[in-house]
Amino acid sequence: KTVFIIFGSTWDLAKRMIFPAFFNIIAEKQFSNTDVIWIWRRSFDNKEFIDFVDKNSNEYSKWTTKKTKEQLFKKLQYFNLEIDKIQDYNNLVNYLKSNYWKNIEIIVYLSISPQYFVKTLSYFKKSWLHQMITRIANEKEYEGNIALILLLNHSITSSLLALVNQLKNKALHQKQM
């Protein structure tokens, strides 16, 4: 199972690129084992978000049909999260644990402003979300900001090393039993 988590994104980008990509994937029948969690600051419940997507996602994909929308909407979960509230990250981790804890791949797509990047990564770590993530994709360009690029590299590397050590310890513990 794959869970694709989208952090942020302006509506224009989502409407022109992200949702058409999902509709194309659905049309190619490659979406059966994937769920999407969309994280945004707007206060929507899941039904309001799906209605919003339904009304605004028709014009950019030839595969945007009633059938592909229905398939996506079955797998789409909206999650309200304020980037600077650690409790929101903890709530996301609890949601993931209660709905997807075993045998999943979590892909995070970051579409956030560079000014929030460091805080977001630190909250990933504080909330233990970093231990659940298997891949991170980043949309924004950092215009040669080497310090930020190095911070991203360090944060991802340290998260992966923590995950590797956790898996080693788990395997060692299982061997001893």
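Residues satisfying the side-chain contact (heavy atoms from CB on, under 4.5 Å) test with Lys74, not counting sequence neighbours, are none. With sequence neighbours excluded, no residue forms a ring-ring contact (aromatic ring centres under 6.0 Å, His included) with Phe73. Not counting sequence neighbours, the partners of Asp88 by the side-chain contact (heavy atoms from CB on, under 4.5 Å) test are Leu81, Glu82, Lys85, Asn91. For Phe124, the ring-ring contact (aromatic ring centres under 6.0 Å, His included) partners at least two apart in sequence or on another chain are Phe7. Residues satisfying the ring-ring contact (aromatic ring centres under 6.0 Å, His included) test with Tyr100, not counting sequence neighbours, are none. With sequence neighbours left out, the side-chain contact (heavy atoms from CB on, under 4.5 Å) criterion links Asn99 to Tyr95.
Residues Ile5 and Ile107 form no side-chain contact, since every pair of their non-hydrogen atoms from C-beta on lies 4.5 Å or further apart. The closest side-chain heavy-atom distance from Tyr78 to Arg42 is below 4.5 Å. Side-chain contact between Phe52 and Trp40 is present, with at least one heavy-atom pair separated by less than 4.5 Å. A heavy-atom distance below 4.5 Å is not found between the side chains of Lys75 and Val36. In this structure the side chain of Lys1 reaches within 4.5 angstrom of the side chain of Asp35, judged on heavy atoms. A heavy-atom distance below 4.5 Å is not found between the side chains of Thr2 and Asn33. In this structure, the side chains of Glu48 and Asp51 stay at 4.5 Å or more apart for every pair of heavy atoms.
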**Request:** Please test Phe22 against Phe4 for ring-ring contact (aromatic ring centres under 6.0 Å, His included), starting from the C-alpha separation and ending with a verdict.
**Result:** CA-CA 11 Å; Phe22 283 130; Phe4 195 83; 5.5 Å; yes
**Asked** After noting the C-alpha distance and the side-chain angles of Tyr89 and Ile83, does the key distance pass the side-chain contact (heavy atoms from CB on, under 4.5 Å) rule?
**Response** CA-CA 8 Å; Tyr89 293 83; Ile83 284 187; 3.9 Å; yes
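If you take CG on Asn46 and CZ on Phe79, they are separated by 11.0 Å, rounding to the nearest 0.5 Å. We find the CG-CD1 distance between Leu110 and Ile6 to be 11.0 Å, quoted to the nearest 0.5 Å. If you take CD on Gln71 and OG1 on Thr34, they are separated by 12.0 Å, rounding to the nearest 0.5 Å. Met132 contributes atom CE, which lies 4.5 Å from atom CG of Leu96 (distance to the nearest 0.5 angstrom). Remark: Leu92 CG to Asn80 CG distance equals 11.5 Å, nearest 0.5 Å. Distance check: Glu105 CD to Ile133 CD1 gives 12.0 Å after rounding to the nearest 0.5 Å.
In this structure a side-chain-to-backbone donor-acceptor pair under 3.5 Å is present from Thr134 to Ile106. Under the 3.5 Å distance criterion, the side-chain polar atoms of Gln131 are left unmatched by any main-chain donor or acceptor of Trp128. A distance-only check finds no donor-acceptor pair linking the side chain of Asp84 to the backbone of Lys119 [under 3.5 Å]. Without hydrogens or angle criteria, Asp54 side chain to Ile50 main chain gives no donor-acceptor distance under 3.5 Å.
Closest approach of Trp38 and Leu76 over heavy atoms only: CB-CD1, 4.4 Å. Nearest heavy-atom pair, Ser127 versus Asn90, reported as atom, atom and distance to 0.1 Å: CB-OD1, 3.3 Å.
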